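For clarity, every value in this text was computed on a predicted model and none was experimentally measured.
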Amino acid sequence: MLAKLEPGDAVTVTRIDRLVRSLFDLFAIVQRINDSGAVFPSIAEPWADTGTSTGRMMLAVMAGMPDAERDLIRTRTAEGRARATARDQHMGRPPKLTPEQKREALVRREAGEALAEIGRSYNVNR
């Protein structure tokens, strides 16, 4: 359908969720519709009508929301990591080997044993 749109066509949907599953998809599809010269009205969401200046403005405002949300998530995550580091809390997966096993593995490696064999004996990747 998108490939066959011509100027003056209208892609009308009953609800936006009948056309797309995410905001990212919505903006990509609406951009393709607009680039072809067609318009995009939604029956249930009149604010999303690209045939009106208000509808175009609303979609433009909404287009910035995912970026703002990503920035908020990035900021919260960085703050959480900083607090955990301040508490000297380990980040990430727990180590599979105990400190003693690590020492043993290093001694075996220095003795010339193959990494793959050492890994197999501890049931870990080389």
Verify same cluster id: [X], [Y] (apolar side-chain graph, 4.5 Å):
| X | Y | answer |
| --- | --- | --- |
| Val30 | Trp47 | yes |
| Met91 | Ile73 | no |
| Val20 | Leu2 | yes |

Can you see which heavy atom on [X] is nearest to which on [Y], and at what distance?
| X | Y | result |
| --- | --- | --- |
| Lys102 | Leu97 | CE-O, 3.7 Å |
| Ala114 | Arg109 | CA-NH1, 4.3 Å |
| Pro95 | His90 | CD-NE2, 4.4 Å |
| Gly51 | Val39 | CA-CG1, 3.8 Å |

Asp71, CG: over 12 other non-hydrogen atoms inside 6.0 angstrom: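 More than 12 within 6.0 Å, yes.
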Arg18, CZ atom: more than 12 neighbouring heavy atoms under 6.0 Å: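 Count not over threshold, so no.
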Those residues that, when tested against Glu100, pass side chain to side chain contact (heavy atoms under 4.5 Å, CB included) (two or more places apart):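 Here the qualifying residues are Thr98, Arg103, Glu104.
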For Arg21, salt bridge (charged side-chain N to carboxylate O under 4.0 Å, His left out) partners two or more places apart: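 So Arg21 forms no salt bridge (charged side-chain N to carboxylate O under 4.0 Å, His left out) with any residue.
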Separation of Leu59 CG from Leu26 CG (nearest 0.5 Å):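 Going from CG on Leu26 over to CG on Leu59, the span is 6.0 Å.
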